[in-house]
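Only a predicted model underlies this, so the values are computations on that prediction, with no experimental measurement involved. For ligands, and for the atoms within them, numbers begin at 1 and follow the listed sequence.
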Amino acid sequence: MNTISRKNKSVIVIGGGVNGLCVAYYLRKNGFEITLIDRGDITNNCSFGNMGFLSPSHFTPLASPGVISEGLKHLLSKTSPFYIKPRLNYSFMRWMLKFYKNSSYKVVDRNAPALSELLLLSRRLMNEIAEDIGDSFMMEEIGCMMMCHSKKTFDGEARVAEASKKFNLNVEILERDELQAHEPNVELDIHGAILFKDDAHIHPGKFMLAMKNYLINAGVNYQLNTTVKDFEKSVDKVTQVITDQGTFSADEIVITPGSWMPELAKKLKTKILMEGGKGYSYTYDDVKNNIKYPAILVDDRCAITPWKQSLRIGGTMEFSGLNEKVSANRMKGIYHSIKKYYPGLDIDLPPADQIWVGLRPVTPDGLPYIGRPQKWENVAFGGGHAMLGMSAGAATGLILSNIVSEQKLPMNIDHFSINRFAKTTI
Ligand SMILES: Cc1cc2nc3c(=O)[nH]c(=O)nc-3n(C[C@H](O)[C@H](O)[C@H](O)COP(=O)(O)OP(=O)(O)OC[C@H]3O[C@@H](n4cnc5c(N)ncnc54)[C@H](O)[C@@H]3O)c2cc1C
């Protein structure tokens with residue numbers, strides 16, 4: 001391991017999702033002593049069962065024109081891909097209002113370049129990580145299809161493809177027959193697709209395990225099945241992390257707890273607006289005549305990822321609070337959408353008791369929080385990437401590591417400020 005600066009300075013990383021593992025990876029390379037605390041064993045978080053897309057193509061933040069009206073349209077549907085449960089909860093209502101205000105063309109135009117830069121940086125870093133730790137996580141660099149069932153959706157996606165040129169992305173527009181030639185094994189029922197060629201995909205669970213094992217060998221100390229409850233503070237520093245397994249101290253604290261960031265931030269009198277956006281997936285182990293390309297089914301807002309013989313289907317964005325309750329009906333909706341686009345795919349309805357669920361950390365403007373909060377000198381936060389955590393985890397880890405080690409940042413992070421929606425005191 002490369003030890004270049006600040007040897008033996010200690011850091012506690014709270015949260016072993018993709019962001020926590022990536023920041024531990026870069027900090028360890030800089031010679032820091034790391035304790036990584038997670039309340040699970042890192043195989044049961046949002047970073048594990050997702051679709052595994054690395055998506056520079058997703059430069060449009062989630063908060064964008066039409067998203068709220070889409071959610072309201074589906075309020076009463078049990079199978080829809082998008083759902084907002086109405087709740088009389090102050091911070092949820094504040095989040096909704098901010099989300100609505102940020103879903104304008106003006107804000108999206110302002111935020112897209114920063115998001116694109118983060119995604120492109122991360123995409124490059126994932127190749128470096130694969131080279132460094134070995135690619136045991138099935139990375140494939142063949143792009144991602146944006147599949148369109150209707151002509152209207154296809155025309156809309158063609159406009160996104162045009163806009164993507166300003167971020168130097170390579171795209172190919174595929175009419176129905178060209179598309180079918182790309183997927184010779186399975187009959188399709190699709191108008192056309194846009195192939196975003198710079199996208200890649202990995203097996204996220206294998207990536208997480210590869211990183212976990214690499215970090216163990218590199219000397220990272222894991223404190224698993226341990227829940228952080230509170231912090232001991234001095235004037236402007238966190239001095240101790242209080243958990244259900246005792247207290248821990250370090251020079252620096254990096255907080256990456258996914259959708260639970262507001263809970264921990266509140267203990268530090270820092271207001272963070274974030275909601276959990278629930279999604280589901282199911283993985284088939286042995287699919288005869290599998291597809292070749294990962295894809296997003298744009299009209300139906302769900303996704304499909306092949307890894308050799310296995311295949312994952314997933315989707316939904318359900319804002320119903322911080323719970324991991326599974327709605328088998330929504331998975332039914334995903335399954336029927338997949339069969340609509342891929343009638344030739346030989347898969348059965350997923351069994352209700354084997355559906356994976358994860359909570360995406362969603363901010364009101366679709367941009368992550370990365371950086372130091374106002375009050376605490378030795379604390380940094382990272383998270384809130386919504387549907388782009390795998391795509392942006394490596395860059396987020398590098399940025400956080402450079403903040404802690406006081407090195408030059410790889411990009412400007414003003415857009416990701418922790419304090420952009422908040423007064424520090426609640
Ligand atoms: C269906 C679905 C598909 C997706 N597909 C993609 C995709 O294809 N590409 C992509 O880029 N992104 C995708 N995402 C989004 C991505 O999974 C998330 O953005 C990402 O996993 C978030 O990572 P994280 O490290 O911030 O949080 P998490 O993975 O949620 O990790 C947070 C960790 O913090 C721990 N923690 C929380 N609170 C505490 C506490 N108090 N004490 C100790 N530990 C704590 C948790 O146990 C957890 O392990 C998808 C998400 C879903 C749901």
Could you check whether [X] pairs with [Y] (Lys NZ or Arg NE/NH1/NH2 to Asp/Glu carboxylate O, under 4.0 Å)?
| X | Y | answer |
| --- | --- | --- |
| R372 | E252 | yes |
| K229 | E263 | no |
| D365 | R420 | yes |

Quick check: [X] and ligand 1, any N/O pair under 3.5 Å apart?
| X | result |
| --- | --- |
| G15 | no |
| S47 | yes |
| G389 | yes |
| H385 | no |
| G279 | no |
| D38 | yes |
| L359 | no |
| F53 | yes |

Run the numbers for me: atoms of ligand 1, each under 4.0 Å from some heavy atom of [X], listed by number.
| X | result |
| --- | --- |
| Y280 | 1 (C) |
| L388 | 10 (C), 11 (O), 12 (N) |
| G358 | 53 (C) |

Heavy-atom distances under 4.0 Å decide this one: backbone, side chain, both or neither, for [X] against ligand 1?
| X | result |
| --- | --- |
| S281 | neither |
| M390 | both |
| T256 | backbone |

Check whether any heavy atom of [X] sits under 4.0 Å from an atom of ligand 1.
| X | result |
| --- | --- |
| V357 | no |
| T227 | yes |
| G314 | no |

For [atom], grab the closest protein heavy atom and report residue, atom and distance to one decimal in Å.
| atom | result |
| --- | --- |
| atom 24 (P) of ligand 1 | N19 ND2, 3.5 Å |
| atom 12 (N) of ligand 1 | M387 O, 2.9 Å |
| atom 5 (N) of ligand 1 | M51 N, 3.2 Å |
| atom 44 (N) of ligand 1 | R39 N, 3.1 Å |

Centroid-centroid under 6.0 Å between [X] and [Y] rings:
| X | Y | result |
| --- | --- | --- |
| F381 | Y369 | no |
| Y90 | F92 | no |
| H191 | F154 | yes |
| W95 | F421 | no |

N221 and E33: side-chain donor and acceptor closer than 3.5 Å?
->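 No.
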
Examine the side chains of D41 and T43 and answer whether a donor and an acceptor come within less than 3.5 Å of each other.
->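 The criterion, which ignores hydrogens and geometry beyond distance, is satisfied for T43 and D41.
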
Measure from atom 19 (O) of ligand 1 to every heavy atom in G258, A386, C46 and give the option owning the shortest one.
->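 Looking at heavy atoms only, A386 sits closest to atom 19 (O) of ligand 1.
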
With respect to atom 14 (N) of ligand 1, which of V362, V18, N50 exhibits the smallest heavy-atom separation?
->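 Looking at heavy atoms only, the winner is N50.
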
Could you tell me the separation between the CG atom of D109 and the OG1 atom of T60, rounded to the nearest 0.5 Å?
->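 One finds 9.0 Å between CG of D109 and OG1 of T60.
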
Taking the side chain as C-beta and beyond, is there a heavy-atom pair between Q223 and L36 under 4.5 Å?
->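 Of all side-chain heavy-atom pairs linking L36 with Q223, none is under 4.5 Å.
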
Are S405 and Q407 close enough, and set up right, to give a side-chain hydrogen bond (donor to acceptor under 3.5 Å, both in side chains), and what steps lead you there?
-> CA-CA 6 Å; S405 57; Q407 295 185 53; 3.1 Å; yes

Is the Lys NZ or Arg CZ of R330 less than 6.0 Å from the centre of Y83's six-membered ring, within 45° of the axis?
->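 Yes.
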
